[in-house]
Amino acid sequence: MNHAQHDDPDGGVPFLKGHGTENDFVILPDHEGRLDLPAALVARLCDRRAGIGGDGLLRVVRSAAHPEAAPMADRAEWFMDYRNADGSVAEMCGNGVRVFARHLVDEGLAESGDLAVATRAGVRRVHVAGPGPDGTPGDVTVDMGRAVLPDSTGVEVSVDGRAPRPARNVNMGNPHAVVFVDGLDEAGDLFRPPLVTPPAAYPDGVNVEFVVDRGPRHVALRVHERGSGETRSCGTGACAVMVAAARRDGHDPAADGVPVTYTVDVPGGRLVITEHPDGRITMAGPAVVLARGTIDAGWWRAGAGAH
C-alpha cells in the first residue's frame with residue numbers, strides 16, 4: 001500500500017466523530033488508501049482519555065484503492081475499513097456501516113437513498129432516508145446480509161464463575177454467541193470477555209450478547225464486543241439476537257415465507273430489525289456525524305512510530 005500521503009503529516013490528519021445508537025467511531029477520510037494504520041495507532045486514536053475515543057475506527061477508502069476491496073469496486077465505490085478499538089481488523093460493523101453511509105451522504109460523496117458499501121463481509125446495501133419535516137436526519141437502513149447458524153451443540157457462556165448457560169451460535173459476517181438470561185445484570189461488568197466454551201467453536205474470538213425479553217417481538221441486550229469490551233450498541237449483535245429470538249419463538253421466514261420484525265433495545269437506543277423470506281436481514285436506526293477536526297501531526301507521528 002502506498003503510504004505517501006501522510007508519511008509526514010505536517011498539516012495534521014483530518015478526522016470526524018460519529019455514532020449509531022451511541023456505538024461511536026473515529027472516522028478517517030483516506031480516499032486513496034495512503035494512511036499507514038498500525039494497530040497501536042488505531043488503539044491510541046480510540047483511547048477515551050489519551051485519544052479521540054471510540055468503540056472503533058472507520059477508514060473511508062475508495063474500493064479500487066484498497067487490495068481487499070478492489071474485487072468489489074465494480075459494485076461499491078467506497079470501502080469501510082473497520083478496526084476494533086484495540087486496533088484489530090474486523091469483518092463488519094452494523095452501526096459502523098450506517099455511520100459510514102451517513103458520512104458519505106453528508107460529504108456529498110454519495111446521494112441519499114440507496115447506496116452500496118464494500119466491507120470485509122461483502123457488499124452491503126444501505127438506504128439513507130431524507131430528513132424529516134423538522135430537519136431531523138432520517139434513519140439509515142442497512143441490508144446486513146444473511147445469518148449463518150453454525151452448530152450450537154455444547155456452546156456455553158459463563159460470567160463471574162456462575163453456572164454456564166447455553167448459547168446460540170450465529171454468524172453475521174462476524175461471530176456471535178447469544179445467551180438468553182433472566183436479567184441483564186447476569187452479564188456482569190463485561191470489562192473482561194465472558195468465558196465461552198468450547199474454544200474451538202470460535203477460533204477467532206466472539207462477540208457475546210446477553211438478552212432479556214421486553215414484550216412480544218421486543219428484546220433488550222448487553223454486549224461484549226470482541227476487541228472492544230462492552231459497547232452501547234452492536235449492530236451485527238442486534239441482528240444475531242433478533243435471529244436467535246425469532247428461532248426460539250418459532251419464526252423462520254425462509255421456511256414459512258413470512259417476514260418477521262423485532263425491536264431490539266441496546267443501551268444506546270433502539271434498532272428495528274427485519275428478517276425477510278429470502279434470508280436478508282435489514283436493520284434500521286439513527287446515525288449521526290457530530291464533529292470534525294484535525295489530529296495533531298506530531299501526535300500522529302508518535303502514534304505511528306515515526307521518528
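Note on residues 172-195: pairs passing salt bridge (Lys or Arg N to Asp or Glu O under 4.0 Å), not counting sequence neighbours, are D160-R192, R165-D182, R165-E186, D189-R192. Here salt bridge (Lys or Arg N to Asp or Glu O under 4.0 Å) pairs that include residues 12-26, with residues two or more places apart or in two chains, are K17-D24, E22-R232, D24-R48. Listed by first and then second residue, the salt bridge (Lys or Arg N to Asp or Glu O under 4.0 Å) pairs involving residues 122-138 amount to none (not counting sequence neighbours). Among residue pairs with one or both ends in residues 211-223, those qualifying as salt bridge (Lys or Arg N to Asp or Glu O under 4.0 Å) are D213-R248, R222-E230; sequence neighbours excluded.
Listed by chain and number, the hydrophobic cluster partners of M72 are V123, where partners are ILVMFWY side chains within reach of under 4.5 Å, directly or through others.
No side-chain donor-acceptor contact under 3.5 Å links H127 and D143. Checking D55 against T231 by side-chain atom types alone, no donor-acceptor pair falls below 3.5 Å.
Partner of E275 under the side chain to side chain contact (heavy atoms under 4.5 Å, CB included) criterion, out of T261, T282, V243: V243 alone.
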Atom pairs and distances, donor-acceptor, side-chain atoms in residues 168-180, under 3.5 Å, two or more places apart:
unit_1 : atom_1 : unit_2 : atom_2 : d
N169   : OD1    : Y202   : OH     : 3.1
N171   : OD1    : G173   : N      : 2.8
N171   : OD1    : N174   : N      : 3.4
N174   : OD1    : H176   : NE2    : 2.8
N174   : OD1    : T236   : OG1    : 3.4
N174   : ND2    : M92    : O      : 3.4
N174   : ND2    : T236   : OG1    : 3.2
H176   : ND1    : E209   : OE1    : 3.4
H176   : ND1    : E209   : OE2    : 2.8
H176   : NE2    : T236   : OG1    : 3.1

Got a list of side-chain donor-acceptor pairs under 3.5 Å for residues 249-258, not counting sequence neighbours?
unit_1 : atom_1 : unit_2 : atom_2 : d
D249   : OD2    : Y262   : OH     : 2.6
D252   : OD1    : A254   : N      : 3.3
D256   : OD1    : V258   : N      : 2.9

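With sequence neighbours left out, T119 forms a side-chain hydrogen bond (donor to acceptor under 3.5 Å, both in side chains) with no residue at all. Remark: D278 engages R280 in a side-chain hydrogen bond (donor to acceptor under 3.5 Å, both in side chains) (not counting sequence neighbours). Residues meeting the side-chain contact (heavy atoms from CB on, under 4.5 Å) test with R44, sequence neighbours left out: W299, A302. In this structure, the side-chain contact (heavy atoms from CB on, under 4.5 Å) partners of P193, at least two apart in sequence or on a different chain, are H224. With sequence neighbours excluded, the residues that form a side-chain contact (heavy atoms from CB on, under 4.5 Å) with L195 are S158, T197.
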